[in-house]
Each structure stands twice: as structure tokens, then as C-alpha cells.
Amino acid sequence: ITDIFIWQNVHTNLMHWIRWLIPAGHSPNKDEHGMTDAKDRFQMCKLAAQPYPWMTVSRLELDSAERSYTYRTMEKLSEQFPMHRFFFIMGGDSLDYFEQWKQPERIAKLATILVIPRDLFTIAALEKKIRLLQEQFPCDIRIVPCERFLMSSTKIRQALMRGEYPEHAFPEEVSAYIRRHHLYQS
């Protein structure tokens, strides 16, 4: 849900034609038994996107039986929309280990990567990381000039498990959905 904050910043600062919010399907990085159910994640994304007519929530990964890897999602989107130019948005914390992702060079080939400054990463550290990645494979990675959002999705889920509802972490409709469905409780 922190992705809504990221999307708002990118939409405000750079582009008015960004379209898709894609909840993760079968994550290779998480134990699915511990994940919130796909129907709940999809519904929360729909609630969060509701005020933004330019945003569409896609089931692309949720409806796929295979593991969700970003490079596969980007390839599917590129096949479906060959005339589109794609941008992949990530937080600075994800950029820090992007070269460890599955097929990061394929992601970079299919999309310009937009990085939202987050957490403890300074702009100088992000710029250094971008240069290191550019030495490993061709990539167009840009830092989005915007307000920093200090709380990652992981930190928000941890706070929710403690019964805390971080202010401004997500829209009130999403917070109400989480409470009503007793999500993220330990």
C-alpha cells in the first residue's frame, strides 16, 4: 500500500499517464502461507486506487499460476502493449539489491526504472548505486524528485501486527478494510 504514496509522487512530479498498480501474485521472496490472501490484497489496492481515475489495478500477477517475477510481468505487458513505453517504479531500498533480483537486466531493457528516495538512502548513495548498476548492464534509472516516505511496506505490516495503524500510511478506506477483515494480526 505504500506504493500508492509512490504512485502519487510520480504522478504529481513526472507523468500523468501511468496506469497500472499490480499486486504481487506468487512471490518468490515470501512464504505464501504468511502472506495476506490475494483477494484481500487486490481489494485493498482497488480501495487505495479509487480516488485516482488515472490508476488501474491489474490482476496480471494474481491470475497467473507461475511465480511472480518482475521481468515476466514486464515481458507480458510488453507483449500485450508493444507500442507502450514502460516505467517500473521502486523504492530506494529495493534499488539497493536490484542486481540480485531475477533477471534485472531484462527489467531494465523493458522499462525505465524510477526510484523513489526512501528510508536511510541519501540521493548520493542512490546515484552511486545507479552508476554501479550501469556498469553491470545497460539501464536507464532515474531518481524521482519527491518527498521521502520513510516507512516501508514491511515496517507498516510490522506496525499493524502490533495493533498500530501508522497515520498517513494508506487511505482510510484501506485502514477500515484491514480492521474489518482482521488482517495483519499476529
Side-chain angles (χ1 to χ4, degrees), residues 1-30 35 38 41-42 44-46 48-49 52-119 121-149 152-154 170:
I1 297 302
T2 58
D3 295 340
I4 291 296
F5 175 83
I6 290 172
W7 277 76
Q8 287 171 324
N9 274 288
V10 171
H11 180 74
T12 300
N13 288 291
L14 293 179
M15 293 155 246
H16 296 277
W17 32 263
I18 292 178
R19 305 293 310 174
W20 296 294
L21 175 61
I22 305 173
H26 304 285
S27 175
N29 302 319
K30 296 180 182 173
M35 286 179 66
R41 289 183 284 121
F42 181 74
M44 286 187 289
C45 287
K46 280 182 62 175
Y52 309 103
W54 44 266
M55 188 181 296
T56 300
V57 181
S58 168
R59 295 189 56 88
L60 182 68
E61 287 192 8
L62 296 176
D63 292 342
S64 176
E66 63 187 9
R67 283 260 176 234
S68 297
Y69 290 104
T70 301
Y71 82 90
R72 285 183 183 156
T73 301
M74 295 307 306
E75 286 175 345
K76 288 176 186 176
L77 288 170
S78 294
E79 288 169 12
Q80 289 178 359
F81 305 97
M83 302 305 290
H84 283 53
R85 180 176 178 202
F86 291 96
F87 293 83
F88 179 74
I89 304 167
M90 68 168 57
D93 51 331
S94 294
L95 181 70
D96 189 48
Y97 63 95
F98 182 57
E99 72 279 6
Q100 297 170 28
W101 287 29
K102 186 126 179 139
Q103 305 288 332
E105 68 285 350
R106 287 168 77 177
I107 299 167
K109 182 179 178 182
L110 295 167
T112 299
I113 299 166
L114 303 178
V115 178
I116 305 298
R118 256 182 25 191
D119 296 357
F121 297 95
T122 64
I123 298 297
L126 293 174
E127 289 170 342
K128 181 179 178 183
K129 182 63 179 193
I130 291 168
R131 286 191 301 276
L132 291 171
L133 289 168
Q134 289 170 333
E135 291 172 8
Q136 293 179 42
F137 50 85
C139 52
D140 181 3
I141 304 176
R142 304 174 191 182
I143 299 170
V144 177
C146 66
E147 175 186 339
R148 284 180 179 269
F149 188 70
S152 69
S153 296
T154 301
F170 34 74

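All residue numbers refer to positions in the sequence shown, counting from 1.
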| request: Please name the pair of heavy atoms, one in I123 and one in P117, separated by the smallest distance, quoted to 0.1 Å. | output: CD1-CG, 3.7 Å

| Between atom CG of L126 and atom CZ of F121, what is the distance when rounded to the nearest 0.5 Å? | 7.5 Å

| task | Using the test salt bridge (charged side-chain N to carboxylate O under 4.0 Å, His left out), find all partners of R72 that sit at least two apart in sequence or belong to another chain. | result | none

| Out of curiosity, F137 CZ to R106 CZ, how far, rounded to the nearest 0.5 Å? | 13.0 Å

| query | Using 30° and 60° as the class limits, which term best fits the ring planes of F81 and W20: parallel, tilted or perpendicular? | reply | tilted

| task | Could you tell me whether the side chain of S68 and the main chain of H26 form a donor-acceptor pair under 3.5 Å? | result | yes

| field | Note, T70 side chain near M90 side chain (heavy atom, < 4.5 Å) | value | no

| request: Drop me the distance from I113's CD1 to I130's CD1, to the nearest 0.5 angstrom. | output: 9.0 Å

| remark: In terms of heavy-atom contacts, C139 and A108 come closest through CB-CB, 3.5 Å

| side chain to side chain donor-acceptor pair (under 3.5 Å): which pairs involve residues 132-146, sequence neighbours left out? | D140-R142

| message | Assess whether a salt bridge exists between E99 and K129, defined as any Lys/Arg side-chain N lying under 4.0 Å from an Asp/Glu carboxylate O. | response | yes

| message | Parallel, tilted or perpendicular, judged at 30° and 60°: which one describes the rings of W101 and F98? | response | perpendicular

| said: I need the I107 CD1 to M74 CE distance, nearest 0.5 Å. | reply: 8.0 Å

| task | Name all residues meeting the salt bridge (charged side-chain N to carboxylate O under 4.0 Å, His left out) criterion together with E66; count only those two or more places apart in sequence or in a different chain, and write none if there are none. | result | K76

| Where is the tightest heavy-atom contact between A49 and V57, given as atom of each residue plus distance? | CB-CG2, 3.7 Å

